[in-house]
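Notes for the one structure printed next.
Within every chain, numbering begins at 1; the chains are lettered A, B, ... in the order of the sequence lines, protein sequences first and strands thereafter. Note that the structure is predicted; figures quoted are calculated from it, not measured.
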Amino acid sequence: MERYDPDAIERKWQETWAREGAFLVPNPERADPADPAPRTYVLEMLPYPSGDLHMGHVLNYTLGDVVTHVRRRRGFTVLRPMGYDAFGLPAENAAIREGGHPRLITERNIASIRAQAKRMGWAIDWGREISTHEPEYYRWTQWLFLELYEAGLAYRREAPVKWCPNDQTVLANEQVVEGRCERCGAEVEAKSLEQWFFRITAYADRLLDEMVQLESWPERVLTMQRNWIGRSHGCEVVFEVEGLETGIPVFTTRPDTLFGATFFVLAPEHPLIPELVRGTSQEAAVLDYVRRTAAESAVERADPAKEKTGVFTGRHVANPVNGERLPVWVADYVVLEYGTGAIMAVPAHDERDFAFATRFGLEIRQVVEPADGSAVELPYVEKTGSARSVGSGRFSGLATPDAIREIGAWLEDDGRGKAAVGYRLRDWLLSRQRYWGCPIPIVHCAACGPVPVPRDELPVLLPEVDDYKPRGRSPLAAAESWVATACPRCGAPARRETDTMDTFVDSSWYFLRYADPRNDRAPVAREIADYWLPVRQYIGGIEHAILHLLYARFFTKVLCDLGLLGFSEPFLRLFNQGMIYYLGAKMSKSKGNVVAPDSIVERFGADALRLYILFMGPAEDDKEWQDTGIEGTYRFLGRLWRLALEVAAVGPPAAEPPDGPLVRRAHATIAKVTDDLERRFQFNTPIAAVMELVNDVYLAKDDPAQVRAVRFATETAISLIQPYAPHVAEELWERLGNERLWEQPWPEPDPGLLGRDSFELVVQVNGKVRERLEVEAGLSDPELVELARTLPRIRAHLEGKEPSRVIVVPGKLVNLVVS
RNA sequence: GCCGAAGUGGCGGAACUGGUAGACGCGCUGGACUCAAAAUCCAGUGGGGCUGGGCCCCGUGCGGGUUCGACUCCCGCCUUCGGCACCA
């Protein structure tokens, strides 16, 4: 018999699909978002073209592919595009290390990854391919930047920023993990620099509140985003500075503890400090402390285990609730960027204030106690109704939630405070001092300030430079003839912005461009975006839980507000696939534990790899690659291959419809596979179900009475495995005398053949299985019980006693209970 | 410290709504085919015990509980992984 040769089969069908444009999805003549034609948008996260496909990609795209095939065969038009997140540091670093232009390195990598993706046989509309580094794409990234700029959502300011000394660029907050650069792991440094920001904080509430529009996102991703945004409700209270005509506001969520405030702390970067200490005896000590803090690394400073440091300013403020004098300190445990950069310190009810007070011998005054009056160890941070105020004037005795509300209202009435909301989220720092990114389309003019490049002059092309090495400023700055330009507003000599954009800007809108990838008048035509989007099913790794997903949601909301889109959430359903480990660790080149998809495809074919990557376990779980596992799925395809060829050799089926247990098994398999894929979003168990069906067919295939049933079951197995292994499925389908499986309707189970003729009845005594027997379907409950009771072994276990209770689960079991 | 997820055979995992724990695959064992091997096909495979061939006991991280019945629900722990962490 002819051997299963995946390489030849897979190439044959890949060429067929390409020739026929089988997976191209043109836009309708006139896109009407109200058009009821069933359509859907399946999208995997944009890959960074590192050169080779890795197993994470294989899992990601094969998942999307199964969804795509099933949806297509259920009558949907499926938008399923592909592209590349092509700007970014790895290509630039390679250029520095090995020479060559980042663009050439990137484009070589894209060519390689594209070829590997095509060899996997994914049903992608290659006609919509985009790459973020192409001028035709980044022109619109710049255009969108200008939209945000003109809407007041992109701005430039001097601010404390996180600087990566290794990559020589600033980083967004989201790109700093435990004080280290998320990309390279270097400890970040604190600097104060003039940088570009997106005002994502203006959307903090909507990023939280519009989560209700999401159909299905993993709860942990929503939780991570909620924590990252970190909204907390409280109030702002002003403390007057003694001897100066000024007040300092603080943000607090615990106004009920105001009576327990015993000191006051400013962040070292607080702008009022120089004025506070000018000419005082503490001036030198305070300024020295501020300098020392500035020299500290972010990691050192952020370590909560570190002993607290600080210095007294010599100044006092007045507590607005009782006029008490509170000493003002400067300490680095207060950060400038949160709240107002100043706090009232209540050591009895805050761990950090408590540690500080203990260290410096400051007063600790309890103003909250358990509602039952029992004694507690300080700090006591309880803030539910099980706590109450004490020693707080007329508020004493109030339950804490009431005290928070009452004291807040009282301050607001007196004009000494107001309700306020604090967010952990900071504005998105988007400028980077690196070459290989999208230029920021701004010109700096001495007279006019920052001026947008006119829309019709976009794109601002990346200039050619010889040296990509970062030196604390963008390599673009060295392209003098590019930098020098005329002010678009007044015509005077001016200089171009030399920073480039964070690559997360590029990927914050790419899913829109796919809908209308060749549009040269707009990033996307609104009616076309509204026709296809939002994305119905988004698939990608958990590493983007905050970064990309938060930024993309922000962009979509902004563009919706600007009238460019008719929806404000980009991804209705999100699925996070797990990571693939090998030899106990995440696959990585540096650890040398990479299994290259390439070499697997060469040995076993794309179909076996596609099947194995999903058979390994639940798609959302992390799991371990096993070399013998891929052999198992390869063997299964060989088994299916031999079966189908045998069936084909027997000849075409007789006309009359088949029946019998095997046919019923096939219908049950259809129902199981369909339910797993469509309702449960579970991809490993359908494969097991088809394997079971094939095992059953093997046991029946030599029985002349079952020729028709064998053929039906074999065709069913092929049809059901097609989304996973489309090439071999197509080949076998053809050899069985059929055609174009990829366009065949997804099989439907026949309800009349779903029920079984008989089932295995489990008989329990006191909940323990004592007997199983095959019984015909359709017996009544009393009949089943009677049957069970007469079994010899059951009678032995009953020991002549009468059951005190009888439980019957129809179609499954009988449980006889004796006391 | 706070928040979240997960612990099932030698291994990856299945068991969907509280109803046969271990489907399917890997590995291993035996058999068929073969001069032989590979490939393939068939059968067996959680642990322990008794044994006239079948039966009994134990078993889903640990300890309790609810229930006729618990991998599944409740309470309390342990371990692993992930996120956040001076955010006032």
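With both ends at atom C1', the span from rU80(B) to rC74(B) equals 24 Å, rounded to whole Å. Comparing the same atom, P, in rG10(B) and in rG22(B) gives a spacing of 16 Å after rounding to whole Å. Using atom P as the reference point in both rC28(B) and rG82(B), the two lie 33 Å apart (nearest Å). For rG61(B) and rC11(B), the P atoms lie 14 Å apart once the distance is rounded to whole Å. Nucleotides rG53(B) and rA39(B) have their C1' atoms positioned 36 Å apart, rounded to a whole Å. Atom name C1', nucleotides rU66(B) and rA70(B): the rounded distance is 10 Å, in whole Å. Between rA14(B) and rU51(B), the distance separating the two P atoms is 40 Å to the nearest Å. Taking atom P in both rA6(B) and rC56(B), the straight-line distance is 36 Å, to the nearest Å.
Donor-acceptor pairing under 3.5 Å, judged by distance alone, is present between the side chain of Arg679(A) and the base of rC16(B). Below the 3.5 angstrom threshold, one finds no donor paired with an acceptor across the side chain of Gln764(A) and the base of rU20(B). Asn227(A) contributes no side-chain N or O that forms a donor-acceptor pair with the base of rC84(B) under 3.5 Å.
Note: CG (Asn766(A)) to P (rG19(B)) measures 19 Å, nearest angstrom. Note: CZ (Phe251(A)) to P (rC86(B)) measures 17 Å, nearest angstrom. Distance Leu813(A) CG to rA70(B) C1': 14 Å, rounded to the nearest Å. Rounded to whole Å, the distance from CG on Asp676(A) to C1' on rG13(B) is 14 Å. We find that CD of Glu624(A) is positioned 13 Å from C1' of rC26(B), with the value rounded to whole Å. Atoms CZ (Arg805(A)) and P (rU67(B)) sit 10 Å apart, rounded to a whole Å. One can place CD1 of Ile630(A) at 17 Å from C1' of rG27(B), the figure rounded to the nearest angstrom.
Contact check, Arg772(A) against rU20(B): no side-chain N or O comes under 4.0 Å of OP1 or OP2. Contact annotation: Arg680(A) reaches the phosphate of rA15(B) (side-chain N/O to OP1 or OP2, under 4.0 Å). For Gln225(A), no side-chain nitrogen or oxygen approaches OP1 or OP2 of rC84(B) to under 4.0 Å. When the side-chain nitrogen and oxygen atoms of Lys768(A) are compared with OP1 and OP2 of rA21(B), none of them lie within a distance under 4.0 Å. Between Arg220(A) and the phosphate of rC81(B), there is no side-chain N or O to OP1/OP2 separation shorter than 4.0 Å. Considering only side-chain N and O atoms, Arg770(A) lies under 4.0 angstrom from the phosphate OP1 or OP2 of rC56(B). Contact check, Arg635(A) against rC26(B): a side-chain N or O comes under 4.0 Å of OP1 or OP2. Distances shown here put a side-chain N or O of Arg642(A) below 4.0 Å from the OP1 or OP2 atom of rC41(B). Taking side-chain N and O atoms only, Arg639(A) has a distance below 4.0 Å to OP1 or OP2 of rC41(B).
Salt-bridge check for Arg424(A) with Glu337(A): failed, with every basic side-chain N at 4.0 Å or more from each acidic carboxylate O. Comment: Glu771(A) does not engage Arg795(A) in a salt bridge, judged by the lack of any side-chain N to carboxylate O separation of less than 4.0 angstrom.
Here Glu760(A) lies in heavy-atom contact (under 4.0 Å) with a base. No contact: Ser804(A) has no heavy atom under 4.0 Å from any strand. If you check every strand for non-hydrogen atoms under 4.0 Å, Asp621(A) touches nothing. Nucleic acid contact for Val762(A): base, since at least one base atom lies under 4.0 Å from a heavy atom of the residue. His349(A) comes within contact range of no nucleotide atom at all, as no heavy-atom separation falls under 4.0 Å. Contacts of Lys672(A) with the nucleic acid, taken as non-hydrogen atoms under 4.0 Å apart, include base atoms. Within the nucleic acid shown, Asp353(A) has no heavy atom closer than 4.0 Å to any nucleic acid atom. Within the nucleic acid shown, Gly629(A) has no heavy atom closer than 4.0 Å to any nucleic acid atom. If you check every strand for non-hydrogen atoms under 4.0 Å, Val334(A) touches a base.
A distance-only check finds no donor-acceptor pair linking the side chain of Trp329(A) to the backbone of Phe356(A) [under 3.5 Å]. Of the possible polar contacts, none joining the Asn815(A) side chain to the Val808(A) backbone as a donor-acceptor pair under 3.5 Å is found.
Inspection of the Ser389(A) and Asp256(A) side chains reveals no N or O donor paired with an N or O acceptor under 3.5 Å.
Base orientation for rG52(B): syn, the chi torsion being within 90° of 0. Applying the 90° cutoff around 0 to the glycosidic angle, rG63(B) is assigned anti.
Ring-plane geometry between Tyr612(A) and Trp625(A) is classed as perpendicular, the angle between the planes exceeding 60 degrees on a 0 to 90 degree scale with a lower cut at 30.
Nucleotides of RNA chain B nearest to Gly632(A) and Arg426(A) differ in position, and the one nearer the 5' end is that of Gly632(A). Remark on RNA chain B: of its neighbouring residues Ala689(A) and Tyr698(A), the 5'-side contact belongs to Ala689(A), judged by nearest-heavy-atom nucleotide.
A side chain to side chain donor-acceptor pair (under 3.5 Å) with Lys672(A) is found for exactly one of Thr674(A), Asp675(A), Asp676(A), Thr669(A), namely Asp676(A).
Atoms CD and CZ, on Glu620(A) and Phe683(A) in that order, are 9.0 Å from each other to the nearest 0.5 Å.
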